[in-house]
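Here's the structure, in structure tokens; my notes come after.
Keep in mind it's a predicted model, so treat the numbers as computed, not measured. Counting starts at 1 for both ligands and their atoms, following the listed order.
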Amino acid sequence: MTMTATPHDAAKFLRARLGERRPKLAIVLGSGLGPLADRVEDAVSIPYGEIPGFHVSSVAGHAGRLVAGRLAGVEVACLQGRVHLYEGVDPAAIKQPIRTLKALGIERLVLTNAAGSFHMSSDEGSLVLLSDHIAWAGLNPLVGPNDDEWGGRFFPMTDAYDPAMRETLKANAAKLGIALPEGVYAWYLGPNFETPAEIRALRGLGADLVGMSTVPEVLVARHCGLRLVAISAITNIAAGMRKGQHLSHDHTQKIAKLCGERLEKLLTASLAGLLTA
Ligand code: HPA
């Protein structure tokens, strides 16, 4: 499939495959977090390679399919795996899946990712709710002529991480006894992990955690008016902060999997509330 397919082409294709399903909420599952999509009931699963204009991620641990069905009684569409700009794709490749969700009738988005924490007290395997971000990678998928169909040229990023949806997640986390601190996410391009000097710089800038995804999707989603929250699975303390710690993608995937159960509990308890927040 070529990138010339529009989000409407992709949505039309998906509508035919989704049958009676009418999801209003979508979940993007990051590194190691994909298994949540296996919990979806009455599921239809469509490989990205079949969806017009979708790019197939080359990263291990990203299955690369859209799974639609019911999770905790709520109709959802899960993106099981995502593309990252460090894969060398045109930043525009990020626009297609997010705008396709919008064209499909999705109103709310839950983004997940794996991240490194700047707080020594963070447990590996714990969750952090994003309150804001720093687009440190300096890239933006919206660079280029504005497509007015999706949103205006200049748009605000204040409260990009929806305050009411965040309150819903925090209230459910408290009920379940799941720690869910908020933090500012720094987007690092990758594909390498950061240097210790970069981590010191990012801490000084006011970030709490770092990862290689999510922010481009947030930019595209806010441009087209999707309301969203994002949750990070803390897989490690950031580079240079813990003596002897060796960062690797294997470790990221292993620890993110451990977060999966906690994330599943939190999300299944929150989905209905997230739709009405
Ligand atoms: N840095 C960037 N991305 C990550 C990290 C990290 O420490 N951990 C998991 N994803």
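When the heavy-atom distances from atom 9 (C) of ligand 1 to Thr235, Leu247, Ile237 are ranked, the shortest goes to Thr235.
Taking the ring centroids of His133 and Tyr185, they lie at or beyond the 6.0 Å cut-off.
In this structure a side-chain-to-backbone donor-acceptor pair under 3.5 Å is missing from Ser232 to Ile234.
With hydrogens left out, the protein atom closest to atom 7 (O) of ligand 1 is Asn236 ND2, 2.9 Å, a heavy atom. Closest to atom 5 (C) of ligand 1 among all protein heavy atoms lies Gly116 N, 3.5 Å. Closest to atom 10 (N) of ligand 1 among all protein heavy atoms lies Ala114 O, 3.3 Å. Of all protein heavy atoms, the one closest to atom 3 (N) of ligand 1 is Gly211 CA, 3.4 Å.
With respect to the salt-bridge test (charged N to carboxylate O, under 4.0 angstrom), the residues Lys170 and Glu182 qualify. Salt bridge Arg22/Glu75: absent, no basic N to carboxylate O contact under 4.0 Å. Salt-bridge check for Arg17 with Glu50: passed, with a basic side-chain N closer than 4.0 Å to an acidic carboxylate O.
The local environment of CD in Glu261 is sparse, with at most 12 non-hydrogen atoms from other residues, nucleotides or ligands closer than 6.0 Å.
For ligand 1 and Glu194, the ligand atoms under 4.0 Å from any heavy atom of the residue are 1 (N), 2 (C), 6 (C), 7 (O).
Residue-level proximity to ligand 1 for Ala239 is absent, since no heavy atom of it falls below 4.0 angstrom. Under 4.0 Å from ligand 1, not a single heavy atom of Tyr188 appears.
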